[in-house]
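Below is one structure, written out as structure tokens; the observations come after it.
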Amino acid sequence: MVDQVLADPEQAGFGVYVHWPFCLSKCPYCDFNSHVRREPIDEARFVRAFTAEIAATAARVPHRTVSTVFFGGGTPSLMQPATIAAVLDAIARHWRVAPDAEVTLEANPTSVEATRFRGYRTAGVTRVSLGVQALDDRVLVELGRMHSAREALDAVGVARSVFDRYSFDLIYARPRQQPKEWASELRTALAEAGEHLSLYQLTIEAETPFAALHAAGKLPIPDDDTARDLYDTTQEICAAHGLPAYEISNHARPGGECRHNLVYWRGHEYAGIGPGAHGRLDVDGERRATATEQRPEAWLARVEKNGHGVVSDDVLTREERSDEFLLMGLRLAEGIDIARYTELAGRPLDPARIATLHEHGLVETTERGRLRVTLPGFPVLDAVVADLAA
């Protein structure tokens with residue numbers, strides 16, 4: 001467990017999330033807002049729409065200093081570097097950008113996209129996150145990935161040579177996976193990792209091909225005991241390699257955390273740009289939850305007509321905001337500032353509930369006045385949050 005709070009957890013950041021909704025193919029486990037198109041994408045048209053939506057958002061929340069930008073998807077590495085540069089230029093025209101701003105691009109580890117990395121760095125990207133997902137060719141085929149393990153490691157090598165900061169993702173608790181196999185794969189990954197690694201437990205999402213296969217008994221995933229063993233294996237090996245968990249699915253060396261994701265988890269402000277992007281904006285003293293049209297072509301049409309693609313723009317109640325702060329903040333090893341929760345909620349957390357969770361070893365309170373979930377508590381995080389929020 002991380003014993004010290006990451007730097008300045010209550011210092012407000014402002015992030016900009018830009019969603020690129022296109023992929024070469026749809027992975028069978030994925031329920032993200034991603035789409036496959038057989039015709040070439042009109043990137044110039046998307047740049048104009050991104051620029052318009054950035055301008056409209058900045059008009060609502062001016063005078064912000066952008067601390068992080070994140071290009072997510074979909075597969076943002078399908079964009080030309082010039083497209084990335086144009087979007088970053090638009091952000092800089094409408095907001096101040098911090099000199100040390102973190103600019104992350106998600107990428108697929110194919111050799112074709114890896115050759116673009118130098119172009120992305122020139123465009124202003126400072127960090128890449130690669131969707132490796134597995135280091136076993138048989139598993140990669142089952143996951144619907146279009147790269148081999150060798151291609152993935154080669155792409156990681158290119159990222160290492162071009163960027164000072166890089167990360168990659170792996171999925172575990174995969175069909176038929178056993179802890180011993182995962183331990184070997186994870187050690188291979190850690191030998192290639194820099195300062196950050198994202199390790200996600202496979203979740204069967206509704207209305208995906210994996211959900212249909214699982215329902216039909218054709219996709220045997222690990223049982224609860226094996227899944228817990230896989231989780232414990234993950235924590236032990238990563239901690240031993242100097243990359244402890246700073247969030248339930250993310251591991252980093254001290255200082256190597258993804259600063260953009262910390263904006264989300266710490267309950268700070270961020271703008272959502274592009275099809276299906278979500279935002280949290282502070283307008284006239286209220287926290288607003290925004291979401292844009294998900295369908296790419298419909299989003300384009302809406303932006304071209306209205307100047308933005310927003311389809312929902314709701315004021316969060318005090319209870320909704322404090323619940324969200326609890327849900328997101330307790331994902332972090334640093335936990336939450338209890339005083340900040342009280343300020344947001346207008347009431348303190350129930351001391352009796354905290355005491356009961358303490359007794360069961362699921363949470364702890366630090367000398368700094370922070371409440372955090374323990375390592376034994378993380379596998380039952382949803383239950384812990386539900387108990388505290390009740």
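Reckoned from all heavy atoms, side chains included, excluding hydrogens, waters and symmetry mates.
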Indicate, with yes or no, if [Y] and [X] share a hydrophobic cluster defined by side-chain heavy-atom contacts under 4.5 Å among Ile, Leu, Val, Met, Phe, Trp and Tyr.
{"X": "Val363", "Y": "Leu327", "value": "yes"}
{"X": "Ile204", "Y": "Ile248", "value": "no"}
{"X": "Leu143", "Y": "Val132", "value": "no"}
{"X": "Leu243", "Y": "Ile171", "value": "no"}
{"X": "Ile91", "Y": "Val310", "value": "no"}

If only atom types and distance count, is the side chain of [X] paired as donor or acceptor with the main-chain N or O of [Y] below 3.5 Å?
{"X": "Thr65", "Y": "Arg96", "result": "no"}
{"X": "Thr126", "Y": "Val103", "result": "yes"}
{"X": "Ser67", "Y": "Phe14", "result": "yes"}
{"X": "Ser167", "Y": "Ser129", "result": "no"}
{"X": "Thr208", "Y": "Glu205", "result": "yes"}
{"X": "Trp95", "Y": "Val61", "result": "yes"}
{"X": "Arg64", "Y": "His94", "result": "no"}
{"X": "Thr75", "Y": "Ser77", "result": "no"}
{"X": "Tyr166", "Y": "Gly194", "result": "yes"}
{"X": "Glu324", "Y": "Arg321", "result": "no"}

Answer with yes or no whether the side chains of [Y] and [X] bring together a donor and an acceptor at under 3.5 Å.
{"X": "Asp223", "Y": "Thr226", "answer": "yes"}
{"X": "Thr57", "Y": "His308", "answer": "no"}
{"X": "Arg295", "Y": "Asn33", "answer": "no"}

Looking at [X] and [Y], what are the two nearest heavy atoms and their distance?
{"X": "Val158", "Y": "Ala114", "result": "CG1-O, 3.6 Å"}
{"X": "Lys26", "Y": "Val36", "result": "N-CG2, 3.7 Å"}
{"X": "Ala152", "Y": "Pro109", "result": "CA-CB, 3.7 Å"}
{"X": "Val156", "Y": "Leu130", "result": "N-CD2, 4.3 Å"}
{"X": "Gly272", "Y": "Ala277", "result": "C-CB, 3.5 Å"}
{"X": "Val303", "Y": "Ala52", "result": "CG1-CB, 3.8 Å"}

Closer than 4.0 angstrom, basic N to acidic O: yes or no for [X] and [Y]?
{"X": "Arg302", "Y": "Glu304", "result": "no"}
{"X": "Glu142", "Y": "Arg174", "result": "no"}
{"X": "Glu102", "Y": "Arg165", "result": "yes"}
{"X": "Arg127", "Y": "Glu106", "result": "no"}
{"X": "Glu334", "Y": "Arg266", "result": "yes"}
{"X": "Glu364", "Y": "Arg372", "result": "yes"}
{"X": "Arg228", "Y": "Asp232", "result": "yes"}
{"X": "Arg353", "Y": "Asp350", "result": "yes"}
{"X": "Arg331", "Y": "Asp382", "result": "no"}

Would you mind reporting whether [Y] and [X] have side-chain heavy atoms less than 4.5 Å apart?
{"X": "Thr365", "Y": "Ile338", "result": "yes"}
{"X": "Arg280", "Y": "Arg287", "result": "yes"}
{"X": "Leu199", "Y": "Leu197", "result": "yes"}
{"X": "Arg121", "Y": "Val125", "result": "no"}

As a quick check of understanding, evaluate salt bridge (Lys or Arg N to Asp or Glu O under 4.0 Å) for Arg93 and Asp89, giving each step before the final call.
CA-CA 6 Å; Arg93 281 199 303 274; Asp89 286 346; 5.5 Å; no

Check each of Asp284, Asp282, Asp313 against Arg60 using the salt bridge (Lys or Arg N to Asp or Glu O under 4.0 Å) test, and report the only one that passes.
Asp313

Relative to each other, are the rings of Tyr172 and Trp182 parallel, tilted or perpendicular (30° and 60° limits)?
parallel

Can you tell me how the ring of Trp299 sits relative to the ring of Phe50, calling it parallel under 30°, perpendicular over 60° and tilted otherwise?
tilted

Which residue is it: His147, Arg145, Glu151? I am looking for the one with a side-chain hydrogen bond (donor to acceptor under 3.5 Å, both in side chains) to Asn108.
Arg145

Could you go step by step and tell me if Leu135 and Leu186 meet the side chain to side chain contact (heavy atoms under 4.5 Å, CB included) rule?
CA-CA 9 Å; Leu135 292 174; Leu186 184 54; over 6 Å; no

Please step through side chain to side chain contact (heavy atoms under 4.5 Å, CB included) for the pair His251 and Gln235, ending with a clear verdict.
CA-CA 9 Å; His251 301 252; Gln235 306 312 308; 3.5 Å; yes

Check against side chain to side chain contact (heavy atoms under 4.5 Å, CB included), Val16 and Phe70:
CA-CA 6 Å; Val16 179; Phe70 196 102; over 6 Å; no

Take atom [atom1] in [X]; do more than 12 heavy atoms of anything else shown fall under 6.0 Å from it?
{"X": "Phe32", "atom1": "CZ", "answer": "no"}
{"X": "Glu319", "atom1": "CD", "answer": "no"}
{"X": "His360", "atom1": "NE2", "answer": "no"}
{"X": "Glu343", "atom1": "CD", "answer": "no"}

Leu332 side, atom CG; Met328 side, atom CE - distance, nearest 0.5 Å:
8.5 Å

The side chain to side chain contact (heavy atoms under 4.5 Å, CB included) partner of Leu362 among Thr356, Val380, Leu375 is Val380

Give the C-alpha distance, both sets of side-chain angles, the deciding distance and a yes or no for ring pair (Phe, Tyr, Trp, His ring centres under 6.0 Å) between Tyr264 and Tyr270.
CA-CA 8 Å; Tyr264 300 154; Tyr270 58 95; 4.5 Å; yes

Please report the C-alpha distance between Tyr246 and His196 in whole Å, then the side-chain angles of each, then the deciding distance to 0.1 Å, and finally whether the ring pair (Phe, Tyr, Trp, His ring centres under 6.0 Å) criterion is met.
CA-CA 10 Å; Tyr246 71 98; His196 193 283; 5.5 Å; yes

Going through the distances and angles, do Asp314 and Thr290 end up as a side chain to side chain contact (heavy atoms under 4.5 Å, CB included)?
CA-CA 7 Å; Asp314 303 318; Thr290 66; over 6 Å; no

Walk me through whether Phe71 and Tyr120 qualify under ring pair (Phe, Tyr, Trp, His ring centres under 6.0 Å).
CA-CA 11 Å; Phe71 291 90; Tyr120 293 135; 8.8 Å; no

